[in-house]
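Reading through the structure tokens given below for one structure.
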Amino acid sequence: MITTTSRPDFLHSEVTPKAHYLNRRRFLGGLAAAGLAFPSLAGTKFTGVVKSPLSTAEKPTSYDAVTKYNNFYEFGTGKDQPAETAQNFQTSPWTVVIEGEVAKPRILDLDAILKIAPLEERIYRHRCVEGWSMVVPWIGFPLSALIKLAAPSASAKYVAFQSYYDIRQMPQARYGGIPFPYVEGLRLDEAMNPLTLLAVGLYGETLPNQNGAPLRLVVPWKYGFKGIKSIVKIRFTAKQPPTSWSMANAREYGFYSNVNPRVDHPRWSQAKERRMGEFFKRDTLLFNGYADQVAALYSGMDLRKDY
Ligand code: MTE
């Protein structure tokens, strides 16, 4: 485990873009100066992280639950498996390919990705289609910042994401039961929504491997499976891209997957949820409580048909 500094987070008002840049440099420079190839940066503290006004005031779920109760089928289908079997997952060096209907296709390494925009802490509700939910203090930046950098062309209507996949590092994947590499997608306007986050950390530190290190998507008004982990490719497309879960079972999993208490999954009611750490179930909210920010994206659509 590597910690580079003991400096506490800045308060929102104290942070300048320069301070971000310098802290970012210190974080990454420290690693490079050590001259070592780190197989994983998991557990490295971030500094200079802005607290986002988009955070929920709800109490975050314990670090233990967030990092030990996971879905990451490449590392096994048991909730407790990824925390164990992803321990040695190699996440450094890491590159992300940006391609498709864009003016500026490119390959970015993690260092370049961390410089795209100031890092923010965003505390979001996280609702899985299986009926459990959490509140997670993510660290990341709006996906829109990366999209602007890529400059999508007029023909780009969707964004397709692909996870890293290597059976040698992920031997449990053979029992996953869904096609790999894991793929997901968003409509371009969903991807551009200010809530959509590219997360690089949680609880003040780089993402644990089991939570999708070094880089994953977080779309808080959609079911958790839209939050694709360990992203290696982002492709802009004219047509709606395939997604792993709808390829595995189209009747159960649609492209949109907006949290909707009125549309039940064929096997699970979506009306209520169990918040990890709580005993009684609570009502699930339309768009997971983010309706004010995202309902307009779907005006005129039948959300029963487009589930
Ligand atoms: N990404 C990949 N590559 N593989 C997966 O199996 N599972 C999804 C999503 N992203 C998954 C994935 C599902 S079903 C959920 S609920 C969330 O990750 C869980 O994220 P968490 O473990 O950080 O809570």
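In listed order, ligands and their atoms are each counted from 1.
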My understanding is that only residues two or more places apart in sequence, or in another chain, count here; which of them pass side-chain hydrogen bond (donor to acceptor under 3.5 Å, both in side chains) with Asp292? none
Would you check if the distance from the ring center of His265 to the ring center of Tyr223 is below 6.0 Å? no
Per-ligand residue contacts, ligand 1, heavy-atom threshold under 4.0 Å: Asn70, Asn71, Phe72, Tyr73, Glu74, His126, Cys128, Ser163, Tyr182, Asn211, Arg216, Gly224, Phe225, Gly227, Ile228, Lys229
What I want to check is whether the side chains of Ser133 and Arg275 have a donor and an acceptor closer together than 3.5 Å. yes
Taking all heavy atoms of Thr196 and all of Ala191, pick out the closest pair and write down the distance. CB-O, 3.7 Å
Is a donor from one side chain sitting under 3.5 angstrom from an acceptor on the other, for Trp221 and Asn258? yes
Thr284: which of Arg127, Gln270, Arg125 passes side chain to side chain donor-acceptor pair (under 3.5 Å): Arg127
